[in-house]
Enquirer: 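Questions regarding the structure given below will be posed in turn.
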Amino acid sequence: MRVAVVGGGVVGLSTTAALLQRGVDVVCYEQAGEPMAQRSAGSSRIFRLAHAVPDLVRLAAVARAGFGRWENASGTSLIGRSGCVVSGEQMPVWAAAMAAAGAVHEVVDGASDGLRLPALTPPSEALLDPAGGVIDVDAVRAHLTELTKGAVLRAQVYALEDSRGGATAWSSAGDARFDAVLLAAGAGTSPLAAQVGIYTPPALAHHVRFTFPFDSPVTWQCWIDTPPTDLGTYQHQTGPGRWAVGGHLDPALTAWEVGPEAATTASRDAVLAYARRHLAVEPRIVDSLYCVTTPDLGDGFEFRRNGPILAVYGENLFKFAPLLGDVLAAACVDGSTPAAPDVALNY
């Protein structure tokens, strides 16, 4: 069997590695210079069991076991043990989902010794997810790059066609025929999927995360905050003395049509003002990370298939990568379409 994976982000590489382990002949197309250089870019991500629905909590637990297998295989720690804190108006919903899924968690008040946050004023109430932590993206990239060595082709896929019981991919490296194709190309998924009759959300938005220096001996927890009247944020440590903050702005300020420069300026102003008001960091931006997102998707993922071509899309997929790689590899081989809430039932 011959399979094409379009997209060399963390999901595409995870699927390529899982297909290789099954003995499948696979080509992973990546148009960027290096794998994991677009939506999977950067050196860190937040891992958390905490989600707003029980199914995603359970799936995150399965994915955490997958990261554990990667850690054993690579001999490298991939997820730090700082823990994760969720606060704000959505916190009760997330806590209920953790309870329904049977995940270890605790709800504490702002005076709790369990909180280790850079907040000048702690949240009045917060959810503690002790399984949360910071994903070492560089280490994950190194592991997956080694597993997929020789299978990644630096080429852009321009067109797909469902033909003769298989699919043909036209790329900058020429045309090639495959028994199955997986579309995991992030922002590039929708236009390719549309060519073969698959709908995925086409809207795009700009997003920028900013990093601030700090001087504290305390290992702060990852933090997701959704206050009712202020900027919603996600925050985590990216290295010694470095604290990253991403803000959820008014969608009109980061819509695709405004352009990357205007969206970056609006994001910088909002996040910098937030840091000055609320955080025990030096209010000086020392680094930034730009990426393209699909607005209004939230957490989670979806699958769409037409004949031999399967598409996957979603947001915040990095923390599910080991699970998605195995599930998508199986679907490529057997021609199935996974059901998003049930992908772990037979895993």
Side-chain angles (χ1 to χ4, degrees), residues 44-58 60-61 64 79-135 207-212 214 216 218-238 242-251 254 267 270-283 293 296-300 315-316 318-319:
S44 59
R45 287 288 190 286
I46 295 175
F47 177 86
R48 52 186 162 87
L49 294 188
H51 284 82
V53 294
D55 281 337
L56 289 178
V57 177
R58 297 184 187 102
R64 182 60 186 90
I79 299 180
R81 305 290 183 175
S82 64
C84 183
V85 173
V86 179
S87 60
E89 60 181 355
Q90 295 299 312
M91 186 277 292
V93 175
W94 290 45
M98 293 282 279
V104 175
H105 68 287
E106 184 180 4
V107 176
V108 300
D109 63 29
S112 171
D113 293 337
L115 290 181
R116 302 184 312 278
L117 298 174
L120 296 177
T121 302
S124 59
E125 194 174 38
L127 165 68
L128 304 185
D129 173 7
V134 179
I135 302 173
H207 181 73
V208 192
R209 189 185 82 191
F210 300 94
T211 301
F212 300 88
F214 71 89
S216 171
V218 177
T219 299
W220 290 333
Q221 295 149 314
C222 306
W223 187 17
I224 297 170
D225 188 32
T226 57
T229 59
D230 208 328
L231 184 70
T233 61
Y234 65 91
Q235 309 179 38
H236 67 280
Q237 191 165 336
T238 60
R242 292 291 183 267
W243 188 252
V245 182
H248 302 297
L249 279 69
D250 179 342
T254 56
S267 299
V271 172
L272 184 57
Y274 171 90
R276 286 172 173 154
R277 291 193 306 271
H278 296 295
L279 300 182
V281 299
E282 185 179 343
T293 65
D296 302 323
L297 286 184
D299 279 319
E315 283 296 313
N316 301 320
F318 205 112
K319 60 186 177 296

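This is a predicted model, so every value here is computed, not measured. Heads up: numbering here begins at 1 and tracks the sequence.
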Enquirer: With a 4.5 Å heavy-atom cut-off, do S44 and R242 have their side chains touching?
Expert: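 Of all side-chain heavy-atom pairs linking R242 with S44, none is under 4.5 Å.
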Enquirer: Indicate the ring-plane relationship of H278 and Y274, choosing parallel, tilted or perpendicular according to the 30° and 60° boundaries.
Expert: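 Ring orientation, 0 to 90° scale: tilted.
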Enquirer: Do you know which two heavy atoms are closest between V134 and S82, and how far apart they sit?
Expert: N-OG, 4.3 Å
Enquirer: What residue among D296, L297, D299 forms side chain to side chain contact (heavy atoms under 4.5 Å, CB included) with E315?
Expert: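 The residue from D296, L297, D299 that satisfies side chain to side chain contact (heavy atoms under 4.5 Å, CB included) with E315 turns out to be L297.
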Enquirer: Should R48 and V86 be marked as a side chain to side chain contact (heavy atoms under 4.5 Å, CB included) after you check the CA-CA gap, both sets of side-chain angles, and the distance that decides it?
Expert: CA-CA 10 Å; R48 52 186 162 87; V86 179; 5.6 Å; no
Enquirer: Should F212 and V271 count as side-chain neighbours, where that means a heavy-atom distance under 4.5 Å?
Expert: yes
Enquirer: Please report the shortest heavy-atom distance between V281 and A275, naming the atom on each side.
Expert: CG2-CB, 4.3 Å
Enquirer: Check step by step if side chain to side chain contact (heavy atoms under 4.5 Å, CB included) holds for Q237 and F214.
Expert: CA-CA 10 Å; Q237 191 165 336; F214 71 89; 3.7 Å; yes
Enquirer: CG of L56 to CG of N316: how many Å apart, nearest 0.5 Å?
Expert: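 The CG atom of L56 sits 10.5 Å away from the CG atom of N316.
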Enquirer: How many angstroms lie between CD1 in I224 and NE2 in H236, if you round to the nearest 0.5 Å?
Expert: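 I224 atom CD1 to H236 atom NE2 measures 10.5 Å (nearest 0.5 Å).
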Enquirer: Quick one: pull up CD in Q90 and CG in D225 and give me the separation to the nearest 0.5 Å.
Expert: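 So the CD of Q90 and the CG of D225 are separated by 11.5 Å.
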Enquirer: How about D250: does its CG atom have over 12 heavy atoms from other parts shown lying under 6.0 Å from it?
Expert: yes
Enquirer: Can you classify the ring geometry of W220 versus W243 as parallel (below 30°), tilted (30 to 60°) or perpendicular (above 60°)?
Expert: perpendicular
Enquirer: Measure the CD1-CD1 distance between I135 and I46 for me, rounded to the nearest 0.5 Å.
Expert: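 Between atom CD1 of I135 and atom CD1 of I46 there are 9.0 Å.
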Enquirer: Looking at every non-hydrogen atom in both residues, tell me the closest pair between L272 and P283 and how far apart they are.
Expert: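 Closest pair (atom of L272, atom of P283, distance): CD1-O, 3.5 Å.
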Enquirer: Would you check if L249 and S267 make a side-chain contact, meaning some heavy-atom pair closer than 4.5 Å?
Expert: yes
Enquirer: With a 4.5 Å limit on heavy-atom distance, are the side chains of L128 and Q221 in contact?
Expert: yes
Enquirer: Would the distance check show the side chain of D129 and the main-chain N or O of C84 forming a donor-acceptor pair, the cut-off being under 3.5 Å?
Expert: no
Enquirer: Please examine the side chains of R209 and Y234, heavy atoms only from C-beta on, and report whether any two atoms are closer than 4.5 Å.
Expert: yes
Enquirer: Identify the two heavy atoms, one from L231 and one from H248, that lie closest to each other, and give their separation to 0.1 Å.
Expert: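 L231 and H248 have their closest heavy atoms at CD1-O, 3.7 Å.
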Enquirer: Quiz question: by atom type and distance under 3.5 Å, do the side chains of W223 and S87 form a donor-acceptor pair?
Expert: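 Result is yes, a qualifying pair exists.
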